[in-house]
A.B. asks: 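Provided herewith is a single structure, encoded as structure tokens, for subsequent inquiry.
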Amino acid sequence: MRTSTACATDRGAMVQGWSGRRRRAASLGALTAALWLCVGGLFAGPPVQAASGGCTGRLAHTVAFGEGELRVYKSRNRACAVTVARAPGERRRMAVSIQPRGGAPVHEAGRFTRYAGPVSVGAISRCVYVKGGMGAGSADSCWILC
């Protein structure tokens, strides 16, 4: 089994053996790739976090209701919820709440144009109960992410 110091030494010897032309070509290729990544970043869409209403992690559960939907995201140690309007526009009454099993609920309510939340709780190996509403419609998830 080789150690990491042996690997580093082997790589250094290999680079020293390259001719000057090969080193320049490798450097130019790396520079070109870095420039393409930078230019691509200028034309990329909004970050994924903005599309998720500020929640991090993967989309784990969605509950649709009249005027919008309730989205639940799960990362390694957190659960996050957001109520999202189907058609953003005028300010309207929106609410979202998330509660870990055995814990206190965390909620946000007010008049929003796009989404209410995000609200998140620590949820390592814990079920969560999520509720959300907008206008006259509302939804809940029962206990999920168990």
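Note that these values count all heavy atoms, side chains included, but never hydrogens, waters or copies made by symmetry.
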A.B. asks: Is any side-chain heavy atom of Ile144 closer than 4.5 Å to one of Val72?
C.D. replies: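 Of all side-chain heavy-atom pairs linking Ile144 with Val72, at least one is under 4.5 Å.
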A.B. asks: Once you round to the nearest 0.5 Å, how far does CZ of Arg114 lie from CZ of Phe112?
C.D. replies: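 Taking CZ in Arg114 and CZ in Phe112, the distance rounds to 14.0 Å.
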A.B. asks: What closest approach, in Å, do Ala79 and Ala123 show between heavy atoms, and which atom pair accounts for it?
C.D. replies: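 Taking every non-hydrogen atom into account, CB-CB, 3.8 Å.
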A.B. asks: Considering all heavy atoms of both residues, which atom of Val84 and which atom of Met94 are nearest to each other, and what is their separation?
C.D. replies: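 Looking at all heavy atoms of both residues, the closest pair is C-CE, 4.4 Å.
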A.B. asks: Are the side chains of Val96 and His107 in touch, meaning some heavy atoms are under 4.5 Å apart?
C.D. replies: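 Not touching, per the 4.5 Å side-chain cut-off.
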A.B. asks: May I ask you to decide if Pro88's main-chain N or O and Thr113's side chain share a donor-acceptor pair within less than 3.5 Å?
C.D. replies: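 No.
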A.B. asks: Using the test disulfide (SG to SG under 2.5 Å), find all partners of Cys146 that sit at least two apart in sequence or belong to another chain.
C.D. replies: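 Cys127.
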A.B. asks: Donor-acceptor pair, Ser141 side chain versus Val130 backbone, under 3.5 Å?
C.D. replies: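 Side chain of Ser141 to backbone of Val130, a donor-acceptor pair under 3.5 Å: yes, one is there.
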A.B. asks: Provide the closest heavy-atom pair for Tyr73 versus Val82 in the form atom of the first, atom of the second, distance.
C.D. replies: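 Closest heavy-atom pair between Tyr73 and Val82: CE1-CG1, 4.1 Å.
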A.B. asks: For the atom pair OH (Tyr129) and CG (Asp140), what is the distance rounded to the nearest 0.5 Å?
C.D. replies: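 Interatomic distance, Tyr129 OH to Asp140 CG, rounded to 0.5 Å: 3.5 Å.
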A.B. asks: Let me confirm one number: the CG-OH distance from Leu70 to Tyr115, rounded to the nearest 0.5 Å.
C.D. replies: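 Leu70 atom CG to Tyr115 atom OH measures 15.0 Å (nearest 0.5 Å).
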A.B. asks: Which atoms form the tightest heavy-atom contact between Ala139 and Phe65, and what is the distance?
C.D. replies: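 What the structure gives for the nearest pair is CB-CD2, 3.6 Å.
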A.B. asks: Please check this pair: side chain of Lys74 against backbone of His61, looking for a donor-acceptor N/O pair closer than 3.5 Å.
C.D. replies: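 Such a contact is absent between Lys74 side chain and His61 backbone.
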A.B. asks: Val121 and Val128: side chain to side chain contact (heavy atoms under 4.5 Å, CB included), yes or no, with the steps?
C.D. replies: CA-CA 9 Å; Val121 293; Val128 294; 4.2 Å; yes
A.B. asks: By side-chain contact (heavy atoms from CB on, under 4.5 Å), which residues pair with Arg78, not counting sequence neighbours?
C.D. replies: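 Partners of Arg78 by the side-chain contact (heavy atoms from CB on, under 4.5 Å) criterion, ordered by chain and then number, come out as Ser75, Ser120.
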A.B. asks: Between Arg101 (side chain) and Arg126 (backbone), is there a donor-acceptor pair under 3.5 Å?
C.D. replies: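 Not at all, since once roles are kept as given, no pair shorter than 3.5 Å links the two residues.
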A.B. asks: Does anything in residues 80-100 form a salt bridge (Lys or Arg N to Asp or Glu O under 4.0 Å)? List the pairs, not counting sequence neighbours.
C.D. replies: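 Qualifying pairs: Glu90-Arg92.
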A.B. asks: Do you know the tightest heavy-atom contact between Cys80 and Ile98?
C.D. replies: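 Closest approach of Cys80 to Ile98, heavy atoms only: N-CD1, 4.1 Å.
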A.B. asks: Using modelled atom types and a 3.5 Å cut-off, is there a donor and acceptor pairing between side-chain atoms of Gln99 and backbone atoms of Ala104?
C.D. replies: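 Flag not set: sc Gln99 to bb Ala104 has no pair under 3.5 Å.
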